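As structure tokens, the structure follows; a few thoughts come after it.
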2 protein chains.
Amino acid sequence: MADRTRATTIADVALRAGVSQASVSRVLNGKQNVDPAIAARVHDAVSALGYTPSIAARSLVHGRNDTVAMVVPDLENPLFQGILKGLSLAAAADGYRVLVADTAEQAGEEAAIAREARHRCDAIVLCAPRMPASQLRALAPLLAPAVVVNRSLDDPAVPTVGVDYARGMRDLVEHLAALGHRRLVFLAGPDASSSQAERMRGLRDAVTALPGVSVDTLPCGSRLDDGYRSGEAVAAAVRAGTTAVIAFNDLVALGLMPRLAELGLRIPDDVSVAGFDDVPLARYATPPLTSMSVPRSELGAQVWSRLRALIAGEPSEHALLFRPRLEHRASTAPPPAARRLTGVREALPAESEVPA
Amino acid sequence: MADRTRATTIADVALRAGVSQASVSRVLNGKQNVDPAIAARVHDAVSALGYTPSIAARSLVHGRNDTVAMVVPDLENPLFQGILKGLSLAAAADGYRVLVADTAEQAGEEAAIAREARHRCDAIVLCAPRMPASQLRALAPLLAPAVVVNRSLDDPAVPTVGVDYARGMRDLVEHLAALGHRRLVFLAGPDASSSQAERMRGLRDAVTALPGVSVDTLPCGSRLDDGYRSGEAVAAAVRAGTTAVIAFNDLVALGLMPRLAELGLRIPDDVSVAGFDDVPLARYATPPLTSMSVPRSELGAQVWSRLRALIAGEPSEHALLFRPRLEHRASTAPPPAARRLTGVREALPAESEVPA
DNA sequence: CTGTTAGCGCTTTCAA
DNA sequence: TTGAAAGCGCTAACAG
């Protein structure tokens, strides 16, 4: 039975060790020079009483609680999961903990949740891809120290860490164009998402830079079933001459592929499919999915690096943008027409044979 | 520029409103009968100053901070992600936040991390599948209020919420046996994992109850690449007469399937494959993966329900065990021999045609 | 090197 | 109904 009495406090330790509370505090915090004899008695008392300092009291005195919050729109998104993982590991190494706040896609609550979370913690990581830019701009300064993920922001106090979706998209289109594709389809993500806008920008850049290449956009979404449900629309596009499809992200691509198979389309023989994010499962898909790799854990680690600096009072660093890296796998290959001319073999990446 | 001065305190509000701190506190907490006029002035002052109460100070007084911790061995595991999601949403609805502590598989640190996390929070959720039972038994009482996930424990103060892996395994074997399979292979998870032990128990139960059915165990692991790497061993087993393989979990199965395909084995024509957990991707695999469904978010919600009761001082409830539900998809079908006799069609589930 | 003494910001008796 | 005052448990000046 755990007794319901008050937990032991520093006073109990001081009493038992026959010293002042200040000395106990010093010993426990390794401050100044403390007489070894006293230190020993304190340590004895501490272990005898099983004492542990109150985090709350310490927080009150220090004005910080060694905890940072991460606000995400959806914990089920592999990207945020990866960032959370990287962040929590990096932060833990510095003695910090991470509080998660899933806003459950309630865009309206986001700002309030973020402020509340920030208020409980020393700093905050904000992932709010759908928050209107104006609202974000107003909110950001209230959140500092803070790091914003996957969005650009010109607040000098709030650095951003993110993925260069535009560049990644452009690289991806170039990859497909190099394979010989000319008519592409893009399965768009949520309209309000900032990374969706970035992707579109990359798409436009690519089309501009690549005469003869066109990209049609089909509204879709960001999840497995969104991809699955887009199967028919994609099939129709393929019948109309499209030879490759770029999914908003890997989840969409992974949902789409089996549907295309059901509809009798072979990948990549009839149509190439590419994703974005390079989730772990991408290389184990059938066929292995070509994707743009995003360093999820590394993103989290960098977020922590920025955050730690801000907490320490250092000035905000420059925005950090990771350029996605193409992971060419078997789901993208030359289009049917080109294949008849050049043959498949040279276009298939060697590693598509051995995903591990 | 945010000024570096102290944040506004209740004293500032009291001063500005021309009342005592006690009154401000009362108004803000809706205590007792407060003169409407005073309340109004307080509210004015609060909004004028943009005051928000200090969480730390409040925590010190109340002895709680409305936060619970969740300790997990690996945040990348879909099961824990799902539980975290369900927990954080349910807890948030009651005004609680969730702190995550990823022990990064460092079994040695687990207990220390858990105690530290508990110390920062009002309660804790412990996911420690590999912690030795003796250690867990010793640790659990020190963590209360706490809920242990996916492990049995006879501590009357620490309830458990989990999955009946033994039963699920047995149901899965029965499913395969009913399809006509007699020689099965099980790709085992981490030896020290408690759920692995439970699965083995279910396997033994099934074999005992089903004369003529045998299950060979192959060491494997719990992740995608573990499954992938088991491909050759599985192929060898198939050549030796095995007709179905049960993976430790879906990740293993999803890693295994493409490897089997590479090795020239067709699923389910040459060998049936089943997973466990029913991750979202299972139904979008090629072929759709038969799996035992585990209510991940519901688990999280139930964990919160238990935890909330404990925090409120209510006695610990009985252990809660969810029975996994079979999701029969196209990856499992009658074995080659049986198929020749009975034909494929009747054995294929209708829903395998339309995953969504 | 050690003890005394103020607080950190808030809640809560206890009087008035 | 309201205010004064005493802590919650700890740290940090400041003396000694």
Side-chain angles (χ1 to χ4, degrees), chain A residues 3-46 49-67 95 116 118-122, chain B residues 3-46 49-67 95 116 118-122:
Chain A
D3 53 356
R4 278 289 176 190
T5 55
R6 278 181 23 267
T8 73
T9 78
I10 198 173
D12 302 319
V13 178
L15 195 64
R16 167 129 188 178
V19 298
S20 71
Q21 298 187 191
S23 290
V24 175
S25 177
R26 287 187 194 106
V27 171
L28 264 38
N29 294 295
K31 293 290 180 61
Q32 307 177 90
N33 306 333
V34 183
D35 185 300
I38 285 198
R41 284 160 59 199
V42 168
H43 282 129
D44 285 352
V46 165
L49 268 38
Y51 166 77
T52 41
S54 153
I55 303 276
R58 187 173 275 179
S59 296
L60 180 56
V61 171
H62 284 146
R64 59 189 177 73
N65 64 0
D66 299 323
T67 303
E116 205 275 341
R118 168 64 182 84
H119 190 235
R120 305 180 91 85
C121 301
D122 303 341
Chain B
D3 53 359
R4 278 290 175 191
T5 55
R6 280 179 22 266
T8 74
T9 77
I10 198 173
D12 303 319
V13 177
L15 196 64
R16 166 130 189 177
V19 299
S20 71
Q21 299 186 190
S23 290
V24 176
S25 178
R26 289 189 193 104
V27 171
L28 263 38
N29 295 295
K31 293 290 181 59
Q32 306 178 86
N33 307 334
V34 183
D35 185 299
I38 285 198
R41 285 159 60 199
V42 167
H43 282 129
D44 285 351
V46 165
L49 268 38
Y51 167 77
T52 40
S54 153
I55 303 276
R58 187 173 277 178
S59 295
L60 180 56
V61 170
H62 284 145
R64 59 187 179 73
N65 64 0
D66 300 322
T67 303
E116 204 275 341
R118 167 63 181 86
H119 190 234
R120 305 180 90 84
C121 302
D122 303 342

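Bear in mind the structure is a predicted one, so any value in this text is a computation, not a measurement.
- For the pair B:Q21 CD and C:dC10 P, the interatomic distance rounds to 8 Å; values are reported in whole Å.
- Close to D:dA12, at under 4.0 Å from its OP1 or OP2, lies a side-chain N or O of A:K31.
- Set against C:dG9, C:dC10, D:dT2, the side chain of B:I10 has C:dC10 as its closest nucleotide.
- Atom pair A:L28:CG and D:dG9:C1' shows a separation of 13 Å (rounding to whole Å applied).
- Between B:R64 atom CZ and D:dG9 atom C1' the separation is 17 Å, expressed in whole Å.
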Show me the side-chain donor-acceptor pairs of residues 20-27 of chain B shorter than 3.5 Å, one per line, residues at least two apart or across chains.
{"unit_1": "B:S20", "atom_1": "OG", "unit_2": "B:A22", "atom_2": "N", "d": "3.4"}
{"unit_1": "B:S20", "atom_1": "OG", "unit_2": "B:S23", "atom_2": "N", "d": "3.2"}
{"unit_1": "B:S20", "atom_1": "OG", "unit_2": "B:S23", "atom_2": "OG", "d": "3.4"}
{"unit_1": "B:S25", "atom_1": "OG", "unit_2": "B:N29", "atom_2": "ND2", "d": "3.3"}

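- Every residue two or more places apart in sequence or in another chain that forms a side-chain contact (heavy atoms from CB on, under 4.5 Å) with A:D35 is listed here: A:A37, A:I38.
- The distance from the CG atom of A:L49 to the CG atom of A:L15 is 9.5 Å, given to the nearest 0.5 Å.
- In terms of phosphate contacts, B:T9 brings no side-chain nitrogen or oxygen within less than 4.0 Å of OP1 or OP2 of C:dG9.
- Closest contact between the side chain of B:N33 and the listed nucleotides D:dG9, D:dG7, D:dT1 involves D:dT1.
- Summarising the geometry, the separation between CG on A:L60 and P on C:dC8 is reported as 9 Å, rounded to the nearest angstrom.
- Using a 4.0 Å heavy-atom cutoff across all strands shown, B:V24 reaches no nucleic acid atom at all.
- For B:I55 and C:dT11, the CD1 to P distance is 10 Å, given to the nearest whole Å.
- The NE2 atom of A:H119 sits 6.5 Å away from the OG atom of B:S54 when rounded to the nearest 0.5 Å.
- Listed nucleotides: D:dG3, C:dT11, D:dT11. Nearest to the side chain of B:S23: D:dG3.
- Residue A:N29 contributes atom CG, which lies 5 Å from atom P of D:dT11 at whole-angstrom precision.
- Between B:L49 atom CG and C:dG9 atom P there is a gap of 14 Å when expressed in whole angstrom units.
- Under a 3.5 Å cut-off, the side chain of B:R120 and the backbone N or O of B:T67 do not form any donor-acceptor pair.
- For A:S54 and D:dG9, the shortest distance from a side-chain N or O to OP1 or OP2 is not below 4.0 Å.
- Summarising the geometry, atom CG belonging to B:D122 is positioned 4.5 Å from atom CG belonging to B:N65; distances are rounded to the nearest 0.5 Å.
- Taking atom CZ of residue B:R58 and atom P of nucleotide C:dT11, one finds them 5 Å apart after rounding to whole Å.
- Of all nucleotides listed (D:dC10, C:dG3, C:dT2), D:dC10 comes nearest to the side chain of A:A57.
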Do any N or O atoms of the protein come closer than 3.5 Å to N or O atoms of nucleotides 13-16 of chain D, and which pairs are they?
{"unit_1": "D:dA13", "atom_1": "N6", "unit_2": "A:R26", "atom_2": "NH2", "d": "3.3"}

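- Looking at heavy-atom distances under 4.0 Å, B:V61 makes contact with a base.
- With rounding to the nearest 0.5 angstrom, the CD1 atom of A:I55 is 5.5 Å from the CD atom of B:E116.
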